[in-house]
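To start, the structure itself, in structure tokens.
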Amino acid sequence: MSLSLETAANPENLRRVAIDPVSRVEGHGKVTILLDEKNRVHQVRLHIVEFRGFEKFIQGRPYWEVPVMVQRLCGICPVSHHLAASKALDAIVGAKQLTPTAEKMRRLMHYGQILQSHALHFFHLCSPDLLFGFDSEISKRNIVGIAEKYPETARRGILLRKFGQEVIRHTAGKRIHGTGAVPGGVNKSLSIAERDELLKDIYQMVAWSREAVHMVKELHHKNPELYNSFGAFRANYMSMVGFDGSLDLYHGRLRARDQNGDILFDGVDYRNYTQLIEEEVKNWSYMKFPYLKSLGKEKGWYRVGPMSRVQNCDFISTPLAEIERREFMAYSGVMPMHAPLGYHWTRMIEMLHAAEMIKDLLHDDDITGSELMASGERGFEGVGVIEAPRGTLIHHYRVDENDLITMCNLIVSTTHNNQAMNEAVRRVATQYLHGHEITEGLLNHIEVAVRAFDPCLSCATHALGKMPLEVEVLNEAGERLSILSRSGDGLFSAS
Amino acid sequence: MNKDVTFALSSAGVGESVARGQLDRGGVAMNNKPATFTLDGKTIPFSAGQTLIQAAMAAGVYIPHLCYNPEFKPHGSCKLCTVKADGRHTSSCTHQAQDGMVVESDTKEINDERRALLQMLFVEGNHFCPSCEKSGNCQLQATAYEIGMMSPHFDHFFPDRPLDASHPDYLLDFNRCILCSLCVRASRDVDGKNVFALSGRGIKSHLIVNAKSGRLADTGFSGEDKAAHVCPVGVILKKRVGFAVPIGSRSFDEQPISATPHPGPAAATLPPHPQGACPVGPRSNAATLPPHPTVKDV
């Protein structure tokens, strides 16, 4: 693991190629590549060029608004922010234990979110690359092309996503940006009619999800050279696992493993995340770079998301997904899977797990119960962690005695993957672009690597006030006259 | 026994107005037919002393409004209820009905003006409906939907208005204040407390509370007060109960504001005003009020 190719030694004489914006991802980002006259790659960076600033403007707002306000970070997985904030604020209202109905409603909402987001990512955003080829005809490399050539696949993708959104609508009131979870519980349970409406389709969704896993698995088996090596790099990985070691996307403790799959830490109460994780700010991206404190900046970066979770847990509680997990683990062998395309396989295993969990919850009487809220001794600080579709999502708030937010820290899934995504695009640039004439198809290889992580770039940009900047004053000949810079701690210097 | 009422400001001219305004207290014209006016072509009966909006509401016809609440004296400040009465613009919450009057309300011209007023209200404050607890129960939002406001149109002012969270049970979010003065009227006229007041002039008008510190916690405000329950937008909010009502069950989820009965009982009709002109306005009644205790004018 190294940071080579992050910064070229002599960038001034190099040619710059930019992929701006990276397409078929959520949010706005760009990749820049610096090449010499022989097309040798000297620098590759994934820049996140959005700026959001939620951490700052949430300050001074009443805490009960937060779960509804912060979910506006994202239009793809708002439920994740909604639930992570609600979990954090449960501590403020003293709800140490939610009612069974409240916890199950939140879980149902979350699994609906996982289902719809994973379906969206795989079928709408990535299947064109995987089914047509990375450098296939660009005019067909999209969901419309998929609908023409593989109409049943496209239809299933759309209906799986729609079902997940219906689960969200029945639990949160709206498909996007609902209000179901509140600090201390939820504001509604399922009606019998809502439950029966979802039950009508859930078995079909489980079956389709299972076939989606098989589809990705087949792709790996058909072309192992590509799938096992494309953009591959070794990394640490982290996720939340259930208290019993199972894959639990809603609640549990933090576990991290090194590149060999050996445990780095386990059973960590996520409220202590600040003891484990530090964030670095770099002057060319609005997205921070987190790393494990114990390993330092150079070696401490890590991956999150489906491939980390499926390999980090001991088992999956639902039978069909567990069968698939075992097959995946057997395929990857003794060592963990590190190839980014493995994300697709594990993402589909999680989608199957989510569908199975939805089925189980719909058969649980608590889901239609009436005990919605819990409360207890008032608290002033709360941390909520959830495994969002893209990875570990951390929300941390402090609240004053007047009920207003005084501090907010968000570490978003995509932020954890920042260094890993940069590493992946550097590997792909070296593998495929180095020394070659640049074509659109080759550049799409870079995007394929970014897409594998399913980044949500708009969620991940919060470095407000900490952004290091450099302002250069140049004369007409382009010679630098002076430079003003601000470091990550906000200090200015001039030269 | 029949006391005649004149409406001097009728656009139809004083003489004609007097002739048409020959009513008894029960709203019966001199010819013993019930007194009526037409609103967008529909005949609306009324009794003596009723304003146009009162008579319209009693007849089940919606005229958009924000600062009007049937439980309180009209304020005539938001101008959303502006109609054309016999060709002249007037606030229907303060203009008394008169026999034979021809009133226009739901017309493109007037709705365009109402939309512009709403747009100005939205840009003057900070109205972020997506994370506002009042969303779905908010009269400003519901009225904007009703009038078909699709964008703010004007540049946002983005004023800096810190919250007052000092009170243990209630929060004041001044960002959403539309200066309707309903809390001012409720606290003064019902609670007898004078907790709230509008301060400043023109574009600098703003809501203040009656404490030297400027903090709600230092006033006599209580959750039992009428003033705690009249805000048509999301300024005065009970703490720690955000988003308890799910989407789909809020006031304006099932039907638009035009089909929703106004909260609170219908007010008694106003006594006939001796001059017939607008009886009350935002400043016109100030002289008759008991002196307001010192307030911090910020």
Whatever's closer than 4.5 Å to a heavy atom in chain B on A:Ala172 counts as backbone
Pair A:Glu166 + A:Lys162: basic N to acidic O under 4.0 Å: no
Ranking B:Pro168, B:Ser249, B:Gly248, B:Ala244 by heavy-atom pairs under 4.5 Å to chain A gives rank one to B:Ala244
Under 4.5 Å to a heavy atom of chain A? For B:Asp173 that would be side chain
Does A:Phe380 have A:Arg378 sitting over its ring (NZ/CZ under 6.0 Å from centre, angle to axis within 45°)? yes
- Task: Ignoring hydrogens and angles, tell me if any N or O in the side chain of A:His170 forms a donor-acceptor pair with the backbone of A:Leu190 under 3.5 Å.
- Result: no
Any Lys/Arg nitrogen of A:Asp364 or A:Lys104 sitting under 4.0 Å from an Asp/Glu carboxylate oxygen of the other?
-> yes
Exercise for the section: Would you mind checking if B:Arg240 and B:Asp169 are paired as a salt bridge, meaning a charged N to carboxylate O distance below 4.0 Å? Expected result: yes
Determine the interplanar angle of the B:His65 and B:Tyr68 rings, folded into 0 to 90°, and report it as parallel if under 30°, tilted if 30 to 60°, perpendicular if over 60°.
perpendicular
Within residues 399-407 of chain A, the residues sitting under 4.5 Å from chain B by heavy atom, in sequence order, are A:Asn402, A:Asp403, A:Leu404
So, the part of B:Asp164 with a heavy atom under 4.5 Å from chain A: the answer is neither
- request: Kindly indicate whether the side chain of A:His395, heavy atoms from C-beta on, has any atom under 4.5 Å from the side chain of A:Val66.
  value: no
B:Tyr170-B:Phe221 aromatic ring centre distance below 6.0 Å: yes
